[in-house]
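Structure, as C-alpha coordinates:
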Amino acid sequence: MNSNRPVQLVNNQLVIADALATPFQVGGVSYEMMPFTPNYGCEFEIRIDGNIIQQQFFAMALSSSWTKVGFSDLTEVPMIAVWRDVASTTQNLRVIVYRNVATIDTLAQSGSINGLINNNWYRIAMWVERDRFVRVYINNTLYFAYWLPAQYKTGLLRRGINLLNQTTNPAYIRNFILYDRKSDFPTMVAADWALQHSDDFSRADGAVNGGWTQYGTAAGIVGGKWSSTGTTNGSRGLVSDTGATDGRQRVEGVFGSAPNGTADSSLLLRVSADGSTGLAANYYSGAIYLARFTGGLTNPTMLDYQNTPITLDGTQPAAFSCDAQHAWIEIGGQTVLMADLNGAVPVADSWAGARVERTSGVNSPSWDALSVYRAA
(Lines give C-alpha, C1' and ligand atoms only; values in the text may rest on other atoms or scores of the structure.)
Protein backbone atom coordinates (compact mmCIF):
# COMPACT_ATOMS: atom_id res chain seq x y z
CA MET A 1 0.00 0.00 0.00
CA ASN A 2 0.97 3.66 -0.24
CA SER A 3 2.89 3.99 3.02
CA ASN A 4 1.63 7.53 3.62
CA ARG A 5 -2.08 6.76 3.19
CA PRO A 6 -3.64 5.25 6.36
CA VAL A 7 -5.23 1.86 5.69
CA GLN A 8 -6.76 -0.18 8.51
CA LEU A 9 -8.72 -3.34 9.18
CA VAL A 10 -11.67 -2.42 11.40
CA ASN A 11 -14.47 -4.89 12.24
CA ASN A 12 -13.60 -7.08 9.23
CA GLN A 13 -13.66 -4.07 6.93
CA LEU A 14 -10.78 -2.54 4.98
CA VAL A 15 -10.82 1.21 5.64
CA ILE A 16 -8.88 3.38 3.18
CA ALA A 17 -8.40 6.95 4.35
CA ASP A 18 -9.78 9.82 2.30
CA ALA A 19 -7.78 11.70 -0.33
CA LEU A 20 -7.20 14.62 2.06
CA ALA A 21 -4.96 12.38 4.18
CA THR A 22 -2.30 12.68 1.45
CA PRO A 23 -3.48 15.66 -0.62
CA PHE A 24 -0.27 15.90 -2.64
CA GLN A 25 0.26 12.22 -3.20
CA VAL A 26 -1.80 9.70 -5.13
CA GLY A 27 -1.45 5.99 -4.41
CA GLY A 28 -3.42 3.01 -3.31
CA VAL A 29 -3.58 -0.40 -1.77
CA SER A 30 -3.38 -3.76 -3.56
CA TYR A 31 -4.41 -7.29 -2.72
CA GLU A 32 -1.29 -9.48 -2.65
CA MET A 33 -2.30 -11.83 -5.45
CA MET A 34 -2.78 -11.54 -9.23
CA PRO A 35 -4.91 -13.66 -11.59
CA PHE A 36 -3.10 -16.18 -13.79
CA THR A 37 -5.45 -16.24 -16.79
CA PRO A 38 -6.87 -13.67 -19.29
CA ASN A 39 -10.37 -14.15 -17.84
CA TYR A 40 -10.60 -12.94 -14.26
CA GLY A 41 -12.73 -10.99 -11.85
CA CYS A 42 -12.72 -8.88 -8.71
CA GLU A 43 -15.68 -8.08 -6.48
CA PHE A 44 -16.42 -6.62 -3.09
CA GLU A 45 -18.94 -4.64 -1.07
CA ILE A 46 -18.17 -0.95 -0.76
CA ARG A 47 -19.45 2.12 1.06
CA ILE A 48 -18.12 5.53 -0.01
CA ASP A 49 -19.19 9.13 0.39
CA GLY A 50 -17.87 12.63 -0.26
CA ASN A 51 -18.80 16.25 -0.51
CA ILE A 52 -20.39 17.61 -3.68
CA ILE A 53 -18.10 20.61 -4.14
CA GLN A 54 -15.11 18.58 -5.31
CA GLN A 55 -14.48 15.94 -7.93
CA GLN A 56 -14.71 12.50 -6.29
CA PHE A 57 -13.82 9.00 -7.42
CA PHE A 58 -12.90 5.55 -6.23
CA ALA A 59 -10.96 3.43 -8.71
CA MET A 60 -9.67 -0.05 -9.41
CA ALA A 61 -6.42 0.32 -11.33
CA LEU A 62 -5.31 -2.57 -13.54
CA SER A 63 -1.66 -2.19 -12.69
CA SER A 64 1.57 -4.00 -13.49
CA SER A 65 1.89 -5.61 -10.06
CA TRP A 66 0.27 -5.73 -6.65
CA THR A 67 3.62 -4.63 -5.22
CA LYS A 68 3.61 -1.32 -7.10
CA VAL A 69 1.21 1.18 -5.58
CA GLY A 70 2.95 4.53 -5.91
CA PHE A 71 1.72 7.18 -8.30
CA SER A 72 4.57 6.64 -10.76
CA ASP A 73 3.36 3.04 -11.14
CA LEU A 74 -0.23 4.10 -11.77
CA THR A 75 0.19 6.56 -14.62
CA GLU A 76 -0.84 5.35 -18.08
CA VAL A 77 -2.76 2.36 -16.72
CA PRO A 78 -6.55 1.89 -17.07
CA MET A 79 -8.64 2.51 -13.97
CA ILE A 80 -12.26 1.51 -13.56
CA ALA A 81 -13.72 4.33 -11.50
CA VAL A 82 -16.87 5.19 -9.61
CA TRP A 83 -17.03 8.90 -10.43
CA ARG A 84 -18.81 12.09 -9.41
CA ASP A 85 -18.16 15.44 -11.04
CA VAL A 86 -17.75 18.74 -9.23
CA ALA A 87 -21.04 20.13 -7.85
CA SER A 88 -22.97 17.08 -9.07
CA THR A 89 -25.29 14.71 -7.25
CA THR A 90 -25.20 12.03 -9.95
CA GLN A 91 -22.48 9.46 -10.46
CA ASN A 92 -21.29 7.13 -13.20
CA LEU A 93 -18.74 4.45 -14.02
CA ARG A 94 -15.69 5.34 -16.09
CA VAL A 95 -12.45 4.06 -17.48
CA ILE A 96 -9.86 6.72 -16.73
CA VAL A 97 -6.12 7.12 -17.20
CA TYR A 98 -3.81 9.37 -15.19
CA ARG A 99 -1.44 11.12 -17.61
CA ASN A 100 0.21 13.01 -14.78
CA VAL A 101 -0.80 14.18 -11.32
CA ALA A 102 -2.84 17.05 -12.79
CA THR A 103 -4.34 15.32 -15.85
CA ILE A 104 -6.95 12.57 -15.96
CA ASP A 105 -8.39 11.43 -19.28
CA THR A 106 -11.73 9.60 -19.54
CA LEU A 107 -11.71 6.82 -22.13
CA ALA A 108 -15.36 5.83 -21.68
CA GLN A 109 -18.22 6.31 -19.25
CA SER A 110 -21.65 4.97 -18.43
CA GLY A 111 -24.85 6.87 -18.07
CA SER A 112 -25.83 8.31 -14.70
CA ILE A 113 -26.24 5.85 -11.82
CA ASN A 114 -27.71 6.94 -8.51
CA GLY A 115 -26.38 6.05 -5.08
CA LEU A 116 -22.79 5.05 -5.80
CA ILE A 117 -21.15 7.79 -3.70
CA ASN A 118 -23.91 8.20 -1.15
CA ASN A 119 -22.75 6.47 2.05
CA ASN A 120 -24.60 3.21 1.37
CA TRP A 121 -23.37 -0.34 0.83
CA TYR A 122 -23.51 -2.05 -2.55
CA ARG A 123 -21.61 -4.82 -4.29
CA ILE A 124 -19.41 -4.03 -7.28
CA ALA A 125 -17.97 -6.68 -9.57
CA MET A 126 -15.48 -6.22 -12.40
CA TRP A 127 -15.02 -8.97 -14.97
CA VAL A 128 -12.19 -8.92 -17.49
CA GLU A 129 -12.44 -11.13 -20.59
CA ARG A 130 -9.38 -12.01 -22.70
CA ASP A 131 -7.46 -9.23 -20.97
CA ARG A 132 -9.42 -6.55 -22.87
CA PHE A 133 -13.19 -6.69 -22.43
CA VAL A 134 -14.18 -5.11 -19.10
CA ARG A 135 -17.65 -5.38 -17.60
CA VAL A 136 -18.84 -3.78 -14.35
CA TYR A 137 -21.83 -5.01 -12.35
CA ILE A 138 -23.57 -3.23 -9.49
CA ASN A 139 -25.57 -5.58 -7.27
CA ASN A 140 -25.44 -8.23 -10.04
CA THR A 141 -26.75 -5.90 -12.77
CA LEU A 142 -24.52 -5.03 -15.73
CA TYR A 143 -24.12 -1.25 -15.96
CA PHE A 144 -20.99 -0.74 -18.02
CA ALA A 145 -18.77 -2.49 -20.56
CA TYR A 146 -15.67 -1.41 -22.44
CA TRP A 147 -13.16 -2.93 -24.86
CA LEU A 148 -9.74 -1.72 -23.70
CA PRO A 149 -7.50 -0.17 -26.37
CA ALA A 150 -4.57 -2.39 -27.28
CA GLN A 151 -2.06 -0.29 -25.31
CA TYR A 152 -4.05 -0.88 -22.11
CA LYS A 153 -4.57 -4.61 -22.53
CA THR A 154 -3.79 -6.49 -19.33
CA GLY A 155 -1.74 -9.68 -19.32
CA LEU A 156 0.89 -11.65 -17.50
CA LEU A 157 2.36 -9.38 -14.82
CA ARG A 158 -0.26 -6.75 -15.67
CA ARG A 159 -3.24 -7.98 -13.65
CA GLY A 160 -2.67 -6.29 -10.31
CA ILE A 161 -5.77 -4.72 -8.71
CA ASN A 162 -4.87 -1.45 -7.00
CA LEU A 163 -7.59 0.40 -5.09
CA LEU A 164 -7.52 4.22 -4.99
CA ASN A 165 -9.80 6.25 -2.77
CA GLN A 166 -9.92 9.78 -4.15
CA THR A 167 -13.06 10.79 -2.28
CA THR A 168 -13.21 13.15 0.69
CA ASN A 169 -14.36 10.41 3.08
CA PRO A 170 -12.88 7.05 4.08
CA ALA A 171 -13.79 4.11 1.84
CA TYR A 172 -15.09 0.95 3.53
CA ILE A 173 -14.64 -2.43 1.82
CA ARG A 174 -15.66 -5.92 2.89
CA ASN A 175 -15.94 -9.43 1.44
CA PHE A 176 -13.26 -8.85 -1.21
CA ILE A 177 -12.51 -11.67 -3.67
CA LEU A 178 -10.15 -11.87 -6.64
CA TYR A 179 -10.33 -14.85 -8.97
CA ASP A 180 -9.64 -16.45 -12.30
CA ARG A 181 -12.92 -17.28 -14.00
CA LYS A 182 -14.27 -19.45 -16.77
CA SER A 183 -15.18 -17.41 -19.81
CA ASP A 184 -18.91 -16.93 -20.36
CA PHE A 185 -18.23 -16.31 -24.07
CA PRO A 186 -18.50 -19.51 -26.11
CA THR A 187 -15.47 -20.98 -27.83
CA MET A 188 -16.81 -22.06 -31.21
CA VAL A 189 -14.75 -23.54 -34.05
CA ALA A 190 -15.68 -24.26 -37.67
CA ALA A 191 -17.18 -27.65 -36.80
CA ASP A 192 -19.65 -25.94 -34.43
CA TRP A 193 -21.35 -24.06 -37.29
CA ALA A 194 -23.72 -25.39 -39.96
CA LEU A 195 -23.71 -23.53 -43.27
CA GLN A 196 -27.19 -22.32 -44.30
CA HIS A 197 -26.50 -20.13 -47.33
CA SER A 198 -23.39 -19.14 -49.28
CA ASP A 199 -22.96 -16.92 -52.35
CA ASP A 200 -19.96 -15.64 -54.31
CA PHE A 201 -22.16 -13.55 -56.63
CA SER A 202 -20.41 -14.96 -59.72
CA ARG A 203 -23.21 -14.38 -62.18
CA ALA A 204 -24.60 -11.74 -64.45
CA ASP A 205 -24.98 -8.18 -63.21
CA GLY A 206 -28.41 -7.36 -61.85
CA ALA A 207 -30.74 -8.46 -59.06
CA VAL A 208 -29.30 -10.90 -56.51
CA ASN A 209 -32.24 -13.31 -56.03
CA GLY A 210 -30.97 -16.81 -55.13
CA GLY A 211 -32.55 -17.06 -51.68
CA TRP A 212 -31.70 -13.53 -50.52
CA THR A 213 -34.05 -10.77 -49.44
CA GLN A 214 -32.84 -7.28 -50.31
CA TYR A 215 -33.88 -4.05 -48.59
CA GLY A 216 -33.40 -0.98 -50.74
CA THR A 217 -33.40 -0.78 -54.51
CA ALA A 218 -30.06 0.82 -55.44
CA ALA A 219 -27.94 -2.32 -54.97
CA GLY A 220 -27.24 -5.51 -56.88
CA ILE A 221 -24.57 -7.66 -58.46
CA VAL A 222 -21.88 -5.64 -60.22
CA GLY A 223 -18.82 -7.44 -61.58
CA GLY A 224 -19.34 -10.52 -59.41
CA LYS A 225 -19.83 -8.54 -56.19
CA TRP A 226 -22.86 -7.28 -54.25
CA SER A 227 -22.63 -3.51 -54.24
CA SER A 228 -24.48 -0.21 -54.18
CA THR A 229 -25.50 0.88 -57.66
CA GLY A 230 -26.26 4.27 -59.12
CA THR A 231 -25.65 7.64 -57.50
CA THR A 232 -28.34 7.75 -54.80
CA ASN A 233 -27.10 8.04 -51.22
CA GLY A 234 -28.59 5.54 -48.79
CA SER A 235 -28.33 2.16 -47.06
CA ARG A 236 -29.16 -1.28 -48.49
CA GLY A 237 -29.38 -4.67 -46.80
CA LEU A 238 -29.17 -8.28 -48.00
CA VAL A 239 -30.30 -11.05 -45.65
CA SER A 240 -31.15 -14.74 -45.55
CA ASP A 241 -33.01 -16.75 -42.93
CA THR A 242 -30.68 -18.92 -40.83
CA GLY A 243 -33.61 -20.62 -39.13
CA ALA A 244 -31.82 -20.19 -35.79
CA THR A 245 -34.08 -19.05 -32.97
CA ASP A 246 -31.62 -19.74 -30.13
CA GLY A 247 -29.50 -16.66 -30.88
CA ARG A 248 -26.48 -18.57 -32.25
CA GLN A 249 -25.64 -17.25 -35.70
CA ARG A 250 -22.59 -16.41 -37.78
CA VAL A 251 -21.93 -14.54 -41.01
CA GLU A 252 -18.67 -14.49 -42.93
CA GLY A 253 -17.79 -11.98 -45.62
CA VAL A 254 -15.04 -11.26 -48.12
CA PHE A 255 -14.61 -7.57 -48.91
CA GLY A 256 -14.94 -6.70 -52.58
CA SER A 257 -12.87 -3.56 -52.08
CA ALA A 258 -11.01 -1.82 -49.30
CA PRO A 259 -13.04 -0.08 -46.55
CA ASN A 260 -12.93 3.70 -46.53
CA GLY A 261 -13.46 6.39 -43.92
CA THR A 262 -16.73 7.81 -45.29
CA ALA A 263 -19.21 4.99 -45.92
CA ASP A 264 -19.28 1.75 -43.92
CA SER A 265 -20.26 -1.76 -44.91
CA SER A 266 -21.74 -4.16 -42.38
CA LEU A 267 -22.19 -7.80 -41.53
CA LEU A 268 -25.58 -8.45 -39.92
CA LEU A 269 -26.97 -10.91 -37.36
CA ARG A 270 -30.25 -11.37 -35.48
CA VAL A 271 -32.15 -9.31 -38.03
CA SER A 272 -35.92 -9.29 -37.60
CA ALA A 273 -38.11 -10.75 -40.33
CA ASP A 274 -39.12 -7.27 -41.50
CA GLY A 275 -35.53 -5.98 -41.46
CA SER A 276 -36.28 -3.31 -38.86
CA THR A 277 -33.84 -4.32 -36.08
CA GLY A 278 -30.74 -6.42 -35.59
CA LEU A 279 -27.01 -6.50 -34.88
CA ALA A 280 -24.37 -4.95 -37.09
CA ALA A 281 -20.59 -5.13 -37.38
CA ASN A 282 -19.74 -1.86 -39.14
CA TYR A 283 -16.42 -1.59 -41.00
CA TYR A 284 -14.50 1.57 -41.82
CA SER A 285 -10.88 1.82 -42.95
CA GLY A 286 -9.73 2.83 -39.48
CA ALA A 287 -12.29 1.38 -37.06
CA ILE A 288 -14.87 -1.32 -36.40
CA TYR A 289 -18.13 -0.74 -34.52
CA LEU A 290 -20.30 -3.45 -32.97
CA ALA A 291 -23.82 -2.08 -32.74
CA ARG A 292 -27.50 -2.84 -32.66
CA PHE A 293 -29.70 -1.05 -35.15
CA THR A 294 -33.27 0.13 -35.33
CA GLY A 295 -35.25 1.92 -38.02
CA GLY A 296 -34.77 -0.61 -40.81
CA LEU A 297 -31.91 -1.44 -43.15
CA THR A 298 -32.64 1.38 -45.58
CA ASN A 299 -32.29 4.03 -42.86
CA PRO A 300 -30.73 2.40 -39.79
CA THR A 301 -29.96 4.12 -36.51
CA MET A 302 -26.89 2.51 -34.96
CA LEU A 303 -26.46 2.25 -31.19
CA ASP A 304 -22.88 1.18 -30.55
CA TYR A 305 -21.99 -1.42 -27.98
CA GLN A 306 -18.23 -1.24 -28.53
CA ASN A 307 -15.70 -0.01 -31.06
CA THR A 308 -12.00 -0.34 -31.70
CA PRO A 309 -9.47 1.37 -33.96
CA ILE A 310 -8.05 -0.97 -36.58
CA THR A 311 -6.49 -0.67 -40.01
CA LEU A 312 -8.51 -2.53 -42.65
CA ASP A 313 -7.36 -2.84 -46.25
CA GLY A 314 -9.99 -5.34 -47.37
CA THR A 315 -7.57 -8.24 -47.92
CA GLN A 316 -8.57 -10.27 -44.84
CA PRO A 317 -11.92 -12.04 -44.40
CA ALA A 318 -14.37 -10.75 -41.81
CA ALA A 319 -16.70 -12.73 -39.55
CA PHE A 320 -19.42 -11.76 -37.07
CA SER A 321 -20.85 -14.26 -34.56
CA CYS A 322 -23.23 -14.29 -31.64
CA ASP A 323 -24.94 -16.49 -29.12
CA ALA A 324 -27.94 -15.48 -27.04
CA GLN A 325 -26.00 -13.03 -24.86
CA HIS A 326 -22.69 -12.24 -26.58
CA ALA A 327 -21.32 -11.07 -29.93
CA TRP A 328 -17.81 -10.98 -31.34
CA ILE A 329 -16.04 -9.85 -34.51
CA GLU A 330 -13.10 -11.53 -36.20
CA ILE A 331 -10.69 -10.26 -38.84
CA GLY A 332 -8.45 -12.84 -40.47
CA GLY A 333 -9.55 -15.41 -37.90
CA GLN A 334 -8.59 -13.28 -34.88
CA THR A 335 -11.13 -11.83 -32.44
CA VAL A 336 -10.79 -8.04 -32.53
CA LEU A 337 -13.94 -6.89 -30.67
CA MET A 338 -16.49 -8.32 -28.21
CA ALA A 339 -19.74 -7.16 -26.64
CA ASP A 340 -22.27 -8.26 -24.06
CA LEU A 341 -25.71 -7.80 -25.63
CA ASN A 342 -27.35 -7.41 -22.21
CA GLY A 343 -30.71 -8.73 -23.41
CA ALA A 344 -31.29 -5.84 -25.84
CA VAL A 345 -31.67 -7.82 -29.10
CA PRO A 346 -34.40 -10.49 -29.52
CA VAL A 347 -32.88 -13.97 -29.48
CA ALA A 348 -35.43 -15.48 -31.89
CA ASP A 349 -34.76 -13.06 -34.78
CA SER A 350 -33.12 -15.37 -37.29
CA TRP A 351 -32.03 -13.43 -40.39
CA ALA A 352 -28.38 -12.65 -41.20
CA GLY A 353 -26.44 -11.08 -44.05
CA ALA A 354 -24.77 -7.80 -44.98
CA ARG A 355 -25.26 -4.12 -45.68
CA VAL A 356 -23.72 -1.55 -48.03
CA GLU A 357 -24.31 2.16 -48.34
CA ARG A 358 -23.50 5.28 -50.32
CA THR A 359 -22.71 8.41 -48.29
CA SER A 360 -21.72 11.84 -49.61
CA GLY A 361 -21.28 10.32 -53.03
CA VAL A 362 -18.90 7.61 -51.75
CA ASN A 363 -19.74 3.90 -51.93
CA SER A 364 -18.90 1.60 -49.03
CA PRO A 365 -16.98 -1.60 -49.88
CA SER A 366 -18.86 -4.18 -51.88
CA TRP A 367 -19.06 -7.82 -50.73
CA ASP A 368 -17.29 -10.41 -52.88
CA ALA A 369 -18.78 -13.36 -50.96
CA LEU A 370 -21.14 -14.01 -48.05
CA SER A 371 -21.91 -17.11 -45.97
CA VAL A 372 -24.46 -17.43 -43.14
CA TYR A 373 -24.52 -20.12 -40.48
CA ARG A 374 -26.44 -21.40 -37.50
CA ALA A 375 -25.09 -23.59 -34.72
CA ALA A 376 -24.60 -27.19 -35.77
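Just so it is clear, the values below take in all heavy atoms, side chains as well, and ignore hydrogens, waters and symmetry mates. Just so we're clear, the structure is a prediction, and the values are computed from it rather than from any experiment.
Between the side chain of S183 and the backbone N or O of F185, at least one donor-acceptor pair lies under 3.5 Å. Although no hydrogens or angles enter the test, the distance criterion places no donor-acceptor pair under 3.5 Å between the side chain of R84 and the main chain of L116. Of the possible donor and acceptor atoms, one in the side chain of Y305 sits under 3.5 Å from a partner among the backbone N and O of L341. Under the 3.5 Å distance criterion, the side-chain polar atoms of T301 are left unmatched by any main-chain donor or acceptor of G295.
Side-chain heavy atoms closer than 4.5 Å link hydrophobic residues (I, L, V, M, F, W, Y) into clusters, and following such links, possibly through other members, connects I138 to V95.
For the atom pair CG (D304) and CZ (F293), the distance works out to 13.5 Å, reported to the nearest 0.5 Å. Interatomic distance, CD1 of I161 versus CE of M33, reported as 14.0 Å (0.5 Å rounding). Going from atom CG of L14 over to atom CD1 of I173 covers 5.0 Å, rounded to the nearest 0.5 Å. Going from atom CZ of R135 over to atom CG of L93 covers 14.5 Å, rounded to the nearest 0.5 Å.
If you check the side chains of N307 and W147, you find no donor sitting under 3.5 Å from an acceptor. Donor-acceptor pairing under 3.5 Å is recorded for the side chains of N363 and R358. Counted by atom type alone, T141 and N139 present zero donor-acceptor pairs between their side chains at under 3.5 Å. The closest side-chain donor-acceptor pair between T37 and N39, if any, does not fall under 3.5 angstrom. A donor and an acceptor atom, one from each side chain of D340 and H326, are nowhere located under 3.5 Å apart. Remark: the Q214 side chain and the W226 side chain contain an N/O donor-acceptor pair separated by less than 3.5 Å. Between S227 and S366, the side chains place no donor N or O within less than 3.5 Å of an acceptor N or O (distance only, hydrogens not considered). For the 3.5 Å distance criterion, the side chains of N92 and S110 fail to qualify, holding no donor opposite an acceptor. Residues R236 and S228 bring a donor and an acceptor atom of their side chains to less than 3.5 Å of each other. Looking at R355 and S266, their side chains do bring a donor and an acceptor atom within 3.5 Å of each other. In this structure, a donor-acceptor pair under 3.5 Å is present between the side chains of N165 and T167. Side-chain contact, Y137 with E43: no donor N or O sits under 3.5 Å from an acceptor N or O.
Because its NZ or CZ atom is both nearer than 6.0 Å to the ring centre of W121 and within 45° of the ring axis, R174 counts as a cation-pi partner of that residue. By the 6.0 Å and 45° rule, R181 does not stack over the aromatic ring of Y40.
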Stepwise salt bridge (charged side-chain N to carboxylate O under 4.0 Å, His left out) check, R374 with D246: CA-CA 9 Å; R374 62 180 295 172; D246 61 358; 5.6 Å; no
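Between Y283 and F255, the gap from one ring centroid to the other is short of 6.0 Å.
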